[in-house]
Amino acid sequence: MNILITGAGRGLGYEMTSEALERGHAVVAGVRSPNETNEKLSALAEKYGDRLSIVELDVTKEEGIAALASQLKEQGMSLGAIINNAAILNARNTQIEQLDFTDVALTMDINVYGPMRVVKHFLSLLTEKDAAIFNISSEAGSITHAYPGDYPYAISKTALNMFTQQLHVYLQKRGIQVLSIHPGWMRTDMGGGEAPLDASHSARGIIGLLEQRRTPDSRFMFVDHEGNSMPI
């Protein structure tokens, strides 16, 4: 299938890109600055050739998202999956009394409005059989396990889970699967070096879920990278 992945230049986004290519899929890898040297993506481009397209995709720029979608449509491209992975984690360990709402606004712009913009403009390209939209969420977005801290990030992921549920209801008659996925605590720039999970392991699980099309055993479309239902 053709898979659009946002935030594909590093961390989980890069690992999902690599895993999808290794499994024979084609990837449109969205990055904010495609002209900047990215040795890992360049190596994948050299290895997989035309099956990897590295494109400029800043999820905060709706005009650019719309232009890219229009360009791909004109080229006759269809998509089998959209993976909304681009995200930010800021204001860590900041209590509510000290919270800067510039941080909150930026987080919402990237983590919530970003996936909404991408789906708005790319949904019409999502026409391959057994198509899917995967929104990379987090256990931090679980209301059941709410904790004081990481306010912008946690609230943005809760909102993303709601968007996922809305899309599920909207698109189920078209046969498009929509999931929010908690990828686990991973050793990435965001997760830090103490995290127990390698991002490549999570990527294998997520791309596997795309191929297996497993249905959650819950009415909520929130699962971990192995397909197990998460508490909403």
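Note that the structure is a prediction, hence the values are computed from the model and not measured.
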Going by side-chain heavy atoms closer than 4.5 Å, which hydrophobic residues are tied to M230, directly or by a chain of links? F220, F222, I232
D224 side, atom CG; S180 side, atom OG - distance, nearest 0.5 Å: 12.5 Å
Under 3.5 Å donor-acceptor pairs involving side-chain atoms of residues 13-23, not counting sequence neighbours:
residue, atom, partner, partner atom, Å
T17, OG1, G13, O, 2.9
E19, OE2, R23, NE, 2.7
E19, OE2, R23, NH2, 3.2
R23, NH1, E211, OE1, 2.5
R23, NH2, R204, O, 3.3

Determine whether a donor-acceptor pair (N or O, by modelled atom type, separation under 3.5 Å) exists between the side chain of S202 and the backbone of D198. no
Between S138 (side chain only) and A140 (backbone N and O only), is there a donor and an acceptor less than 3.5 Å apart? yes
Rounded to the nearest 0.5 Å, the OG atom of S42 sits from the CD atom of E39 at a distance of 7.5 Å
Where do N2 and E128 land on the side chain to side chain contact (heavy atoms under 4.5 Å, CB included) test, with the steps shown first? CA-CA 8 Å; N2 293 320; E128 293 183 9; 3.1 Å; yes
Does any non-hydrogen side-chain atom of H182 lie less than 4.5 Å from one of H225? no
Starting at CG of N85, measure out to CD1 of I5 and round the result to the nearest 0.5 Å. 7.5 Å
In a table with atom names and distances, give each donor-acceptor pair under 3.5 Å that connects a side chain of residues 62-77 to protein atoms at least two apart or in another chain.
residue, atom, partner, partner atom, Å
E62, OE2, K120, NZ, 2.6
E62, OE2, H121, NE2, 2.8
K73, NZ, S124, OG, 2.8

In short, A86 meets N111 closest at the heavy-atom pair O-OD1, 4.5 Å
Between L160 and S156, does a side chain to side chain contact (heavy atoms under 4.5 Å, CB included) hold up when you go through it step by step? CA-CA 6 Å; L160 183 63; S156 74; over 6 Å; no
Report, one line per pair, each donor and acceptor closer than 3.5 Å where one atom sits in a side chain of residues 94-101; sequence neighbours left out.
residue, atom, partner, partner atom, Å
T94, OG1, A91, O, 3.2
T94, OG1, R92, O, 3.3
D100, OD1, T102, N, 2.8
D100, OD1, T102, OG1, 3.1

Pair S137, N135 - check side-chain hydrogen bond (donor to acceptor under 3.5 Å, both in side chains), show working. CA-CA 6 Å; S137 185; N135 295 322; over 6 Å; no
Which of these, V118, I133, I82, sits in a side-chain contact (heavy atoms from CB on, under 4.5 Å) with L123? I133
Residue pair I83 / I3, side-chain heavy-atom distance below 4.5 Å: yes
Of all the heavy-atom pairs spanning A159 and M108, show the shortest one and how long it is. CB-CE, 4.4 Å
With hydrophobic residues grouped by side-chain heavy-atom distances under 4.5 Å, do Y170 and V119 end up in a single group? yes
Could you give me the CA-CA distance, side-chain angles and deciding distance for F134 and I206, then say whether side chain to side chain contact (heavy atoms under 4.5 Å, CB included) is met? CA-CA 9 Å; F134 283 5; I206 293 169; 3.9 Å; yes
Atom pair CG/CG of D217 and N228 - distance to nearest 0.5 Å: 8.0 Å
The criterion is salt bridge (charged side-chain N to carboxylate O under 4.0 Å, His left out); which residues satisfy it with E226, sequence neighbours excluded? none
Here the pair of heavy atoms bringing G9 nearest to N38 is O-ND2, 2.9 Å
Yes or no on side chain to side chain contact (heavy atoms under 4.5 Å, CB included) for L167 and V169, after CA distance, side-chain angles and deciding distance? CA-CA 5 Å; L167 283 178; V169 174; over 6 Å; no
Measure across P152 and V104 and return the closest heavy-atom pair with its distance rounded to 0.1 Å. CG-CG2, 3.9 Å
Is it the case that over 12 heavy atoms from other parts of the model lie below 6.0 angstrom from the OH atom of Y113? no
In this structure, are over 12 heavy atoms from other groups packed under 6.0 Å from R51 atom CZ? yes
R174, CZ atom: more than 12 neighbouring heavy atoms under 6.0 Å: yes
Show me the donor-acceptor pairs, under 3.5 Å and distance only, between side chains in residues 54-61 and residues at least two apart or in other chains.
residue, atom, partner, partner atom, Å
D58, OD1, T60, N, 2.9
D58, OD1, T60, OG1, 2.7

Which pair of heavy atoms, one from L52 and one from A29, lies closest together, and at what distance? CD1-CB, 3.8 Å
Could you state the interatomic distance from CD (E139) to OG1 (T144), rounded to the nearest 0.5 Å? 12.0 Å
When rounded to the nearest 0.5 angstrom, what is the spacing between CD1 in I110 and CG in L89? 11.0 Å
Might you point out which heavy atoms bring Q212 and R214 nearest each other, and give the distance in Å? OE1-CD, 3.0 Å
Please confirm whether the backbone N or O of M1 pairs with a side-chain atom of H25, one donor and one acceptor, at under 3.5 Å? yes
Any side-chain heavy atom of N90 sitting closer than 4.5 Å to one from L106? yes
